[in-house]
Amino acid sequence: MIMTRRLTVALSAFSLAVLGALGAPSAALAATASPSGMSANYCSEGWSQHHPTIGWGSAGNAVRHAQCKLGKWGRHVAIDGIFGRETYNATVSLQRECGIPVDGIIGPQTWRCID
C-alpha cells in the first residue's frame, strides 16, 4: 500500500487522538508523537550512512539525521523524518549562516556545513 505524506500525517494525528481518548499513558503519547528516543541515533557524529541530497518532500532516516543536526545548530525542527516547511526554513537559515548558496536543498555543501 502506498501512502502519501498527508495520509501518513492524518493517520498519526488520528492515532494520537485515539490513544488520548483511551487514556493511554502520557509516555506512550510522547513516544508516538515525538521519536525523541530515536533522535540520539540520528544525531550521532558517527552516523555511517551515506548523505544523499534531500529536499522538500524527502522522507526517511537521512531527513531525521539532518533535522537532528539542524537542531544542534539552534534551529528548532521536529525530528519526524519529513522534509517540509519547518525543515526547509531551517535549511535556508543555515545556508545563509554558512555562506553557501541558498536553495533549501541539503546537498554536499550543506551536509559539510551541518556536520
Side-chain angles (χ1 to χ4, degrees):
M1 177 176 161
I2 299 174
M3 292 178 44
T4 64
R5 185 166 35 123
R6 284 186 180 159
L7 179 58
T8 302
V9 171
L11 287 174
S12 296
F14 175 76
S15 297
L16 287 174
V18 169
L19 286 172
L22 294 174
S26 59
L29 285 173
T32 305
S34 172
S36 59
M38 296 181 351
S39 67
N41 296 335
Y42 295 112
C43 283
S44 68
E45 297 298 326
W47 202 69
S48 62
Q49 295 186 17
H50 172 69
H51 286 126
T53 297
I54 56 176
W56 192 279
S58 297
N61 291 342
V63 176
R64 286 182 185 91
H65 178 63
Q67 289 169 331
C68 185
K69 290 293 198 168
L70 287 165
K72 289 185 176 226
W73 275 83
R75 275 63 177 187
H76 300 287
V77 180
I79 302 173
D80 61 4
I82 300 170
F83 199 120
R85 182 177 316 157
E86 190 177 69
T87 305
Y88 175 85
N89 290 339
T91 300
V92 166
S93 172
L94 180 72
Q95 288 171 330
R96 285 189 183 116
E97 184 177 329
C98 291
I100 59 177
V102 177
D103 59 7
I105 296 170
I106 301 178
Q109 282 186 308
T110 307
W111 278 119
R112 281 192 293 276
C113 177
I114 287 175
D115 287 334

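Please read these numbers as outputs of a predicted model, since none were measured by experiment. Each residue takes its place number in the sequence, starting with 1. Computation of the quantities below employed the complete heavy-atom set of this structure, encompassing side-chain atoms and omitting hydrogens, waters and symmetry-equivalent molecules.
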Taking all non-hydrogen atoms of both residues, which atom of [X] and which atom of [Y] are closest, and how far apart?
X    : Y    : value
A78  : E86  : N-OE1, 2.7 Å
C98  : W73  : SG-CH2, 4.4 Å
T87  : Q67  : OG1-NE2, 3.0 Å
Q109 : P101 : OE1-CD, 3.3 Å
A90  : V77  : CB-CG2, 3.5 Å
T53  : P108 : OG1-CD, 4.0 Å

Any chance you could lay out the side-chain contact (heavy atoms from CB on, under 4.5 Å) test for I54 and W111, step after step, and finish with the verdict?
CA-CA 10 Å; I54 56 176; W111 278 119; 3.9 Å; yes
Only one of V92, I100, L94 forms a side-chain contact (heavy atoms from CB on, under 4.5 Å) with R96, so which one is it?
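Exactly one pass, corresponding to V92.
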Just one of D115, T110, I114 clears the side-chain contact (heavy atoms from CB on, under 4.5 Å) bar with H51, so which one?
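Answer to the side-chain contact (heavy atoms from CB on, under 4.5 Å) test with H51 among D115, T110, I114: D115.
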Distance from [X] atom [atom1] to [Y] atom [atom2], nearest 0.5 Å?
X    : Y    : atom1 : atom2 : answer
I105 : Q95  : CD1   : CD    : 8.0 Å
R64  : D80  : CZ    : CG    : 7.5 Å
K69  : I106 : NZ    : CD1   : 12.0 Å

